[in-house]
Protein chains: 2
Amino acid sequence: MQKEMKAFKALGDENRLTILSLLYGGEKCACMLLEEMKISQPTLSHHMKILCDANLVESRKEGKWMHYRLAENGLRDITDFLQNLMTKEE
Amino acid sequence: MQKEMKAFKALGDENRLTILSLLYGGEKCACMLLEEMKISQPTLSHHMKILCDANLVESRKEGKWMHYRLAENGLRDITDFLQNLMTKEE
DNA sequence: TTATCATATTGACAAACTTCGATATATTAT
DNA sequence: ATAATATATCGAAGTTTGTCAATATGATAA
């Protein structure tokens with residue numbers, strides 16, 4: 001349950017939900033995310049770390065750029081967790 | 001997105017995840033939840049309010065007892081939200 | 001090497017959150 | 001009406017979280 005809690009904590013922030021929606025279209029580098037949001041660079045870096053630690057986002061380093069993309073596995077894990085809560089209820 | 005954020009915030013707490021898992025088997029009254037957890041009565045009340053406000057739990061008053069159950073609608077909403085994030089990615 | 005650019009880390013501060021004891025409210029029983 | 005019980009609200013203490021400026025790290029370019 002610890003794993004799911006970490007993911008839900010990560011999802012419970014407006015900026016991080018925005019980041020996920022920006023990654024919906026596919027991989028993006030940090031600098032592009034930064035342009036589309038009104039937060040500082042350290043703040044973005046902080047949020048990306050939380051999303052990666054929660055397994056919701058995966059990263060790839062290319063030269064001095066960091067590329068981020070949605071982590072399908074982590075997303076599926078918590079989706080399954082929620083679906084299990086719903087089924088067989090009652 | 002505000003609605004989902006509220007739900008995810010609510011899910012990002014160990015005690016509240018425990019409460020949801022306790023409600024998995026079906027409706028329970030607050031006093032029964034209280035017995036199964038090591039938190040004070042005001043704390044439980046606080047968490048139940050957060051879960052209800054987030055639409056993850058529904059309540060029913062019967063005399064002096066409050067009965068709580070999982071809110072299928074709210075759970076489905078965020079499950080759908082996550083599933084939409086996953087599909088068509090790429 | 002030195003300069004420049006992209007990202008990460010540190011340190012500090014304010015805001016938000018969790019928790020509980022004390023107390024209030026509401027319902028039932030006597 | 002009074003007592004007892006279940007739950008909610010209040011107020012305060014301690015903890016966690018989000019944020020940014022300053023700085024560090026790592027990579028490329030000159």
Side-chain angles (χ1 to χ4, degrees), chain A residues 1-23 26-71 78, chain B residues 1-23 26-71 78:
Chain A
M1 195 159 81
Q2 213 62 16
K3 194 185 54 168
E4 288 86 0
M5 193 182 69
K6 200 178 205 177
F8 288 131
K9 263 191 185 4
L11 288 164
D13 177 89
E14 182 158 25
N15 282 322
R16 290 194 291 266
L17 284 183
T18 300
I19 291 166
L20 292 183
S21 75
L22 288 172
L23 294 180
E27 191 179 76
K28 281 194 180 164
C29 93
C31 54
M32 234 196 287
L33 293 171
L34 192 55
E35 273 179 13
E36 311 195 50
M37 303 184 60
K38 8 184 219 300
I39 56 176
S40 71
Q41 180 273 320
T43 299
L44 176 64
S45 183
H46 170 71
H47 287 311
M48 297 320 294
K49 182 165 169 37
I50 288 174
L51 287 169
C52 289
D53 285 353
N55 248 306
L56 297 169
V57 165
E58 288 168 352
S59 66
R60 180 172 66 84
K61 192 171 189 177
E62 185 182 314
K64 38 184 175 175
W65 289 276
M66 283 296 288
H67 296 269
Y68 295 101
R69 62 182 177 284
L70 294 179
I78 54 173
Chain B
M1 195 160 78
Q2 211 64 14
K3 194 185 51 165
E4 288 84 3
M5 192 183 70
K6 201 179 206 177
F8 288 131
K9 261 191 184 9
L11 287 164
D13 177 88
E14 181 158 26
N15 283 321
R16 291 194 290 266
L17 284 183
T18 300
I19 291 167
L20 293 182
S21 75
L22 289 173
L23 293 179
E27 191 179 77
K28 280 194 181 164
C29 92
C31 53
M32 231 196 289
L33 294 171
L34 191 55
E35 274 179 13
E36 311 196 50
M37 302 185 62
K38 8 182 219 299
I39 56 177
S40 71
Q41 180 273 321
T43 300
L44 176 63
S45 183
H46 170 71
H47 286 310
M48 296 321 293
K49 184 165 168 36
I50 288 173
L51 287 169
C52 288
D53 286 352
N55 248 307
L56 296 170
V57 166
E58 288 168 351
S59 66
R60 179 173 67 83
K61 192 175 188 176
E62 186 183 315
K64 39 184 176 176
W65 289 275
M66 283 297 287
H67 296 269
Y68 295 103
R69 62 181 176 285
L70 295 178
I78 54 173

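The shown structure was predicted, so the numbers you read here are calculated from the model rather than taken from an experiment. Residue numbers begin at 1 in each chain, while the letters A, B, ... track the order of the sequences.
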Integer-rounded Å distance: D/dT17 C1' and A/Leu51 CG: 14 Å
Those residues that, when tested against A/His46, pass side chain to side chain donor-acceptor pair (under 3.5 Å) (two or more places apart): none
Contacts of type side chain to side chain donor-acceptor pair (under 3.5 Å), residue B/Ser21, not counting sequence neighbours: none
Between P of D/dA6 and CG of B/Leu34, the distance in whole Å: 10 Å
Distance, rounded to the nearest Å, where A/Phe8 contributes CZ and D/dT16 contributes P: 21 Å
Counterpart residues, side chain to side chain donor-acceptor pair (under 3.5 Å), relative to A/Glu58 (two or more places apart): A/Arg69
Set of side-chain contact (heavy atoms from CB on, under 4.5 Å) partners for A/Ser45, sequence neighbours left out: A/Gln41
Show me the side-chain donor-acceptor pairs of residues 6-13 of chain B shorter than 3.5 Å, one per line, residues at least two apart or across chains.
unit_1	atom_1	unit_2	atom_2	d
B/Lys9	NZ	A/Gly12	O	2.9
B/Asp13	OD2	B/Asn15	N	3.0
B/Asp13	OD2	B/Arg16	N	3.0

Point-to-point distance, once rounded to the nearest 0.5 Å, from CE of B/Met5 to CD1 of B/Ile78: 13.5 Å
First-last contacting nucleotides on DNA chain C - partner chain A, under 4.0 angstrom, heavy atom: C/dC5 to C/dT9
B/Glu35 CD to D/dA6 P, straight-line distance once rounded to whole Å: 10 Å
Greater than 12 external heavy atoms within 6.0 Å of A/Glu36's CD: yes
Spacing between A/Lys49 atom NZ and D/dT25 atom C1', to the nearest angstrom: 15 Å
Spacing between B/Lys28 atom NZ and D/dA6 atom C1', to the nearest angstrom: 18 Å
Non-neighbouring partners of A/Lys49 that pass salt bridge (charged side-chain N to carboxylate O under 4.0 Å, His left out), sequence neighbours left out: A/Asp53
So which protein nitrogen or oxygen atoms get under 3.5 Å of nucleotides 18-24 of chain D's nitrogens or oxygens?
unit_1	atom_1	unit_2	atom_2	d
D/dG18	OP1	A/Asp13	OD1	3.4
D/dG18	OP1	A/Arg16	NH1	3.4
D/dG18	OP1	A/Arg16	NH2	2.8
D/dG18	OP2	A/Arg16	NH1	3.4
D/dT19	OP1	A/Asn15	ND2	2.7
D/dT19	OP2	A/Asn15	ND2	3.2
D/dT19	OP2	A/His47	NE2	2.4
D/dC20	OP2	A/Ser40	N	3.0
D/dC20	OP2	A/Ser40	OG	2.9
D/dC20	OP2	A/Thr43	OG1	2.5

Residues that B/Cys31 engages under side-chain contact (heavy atoms from CB on, under 4.5 Å), provided they are two or more places apart: B/Cys29, B/Trp65
Between C1' of D/dT17 and CG of A/Asp53, the distance in whole Å: 15 Å
Rounded distance (Å) that lies between atom C1' of D/dT28 and atom CD of A/Glu62: 13 Å
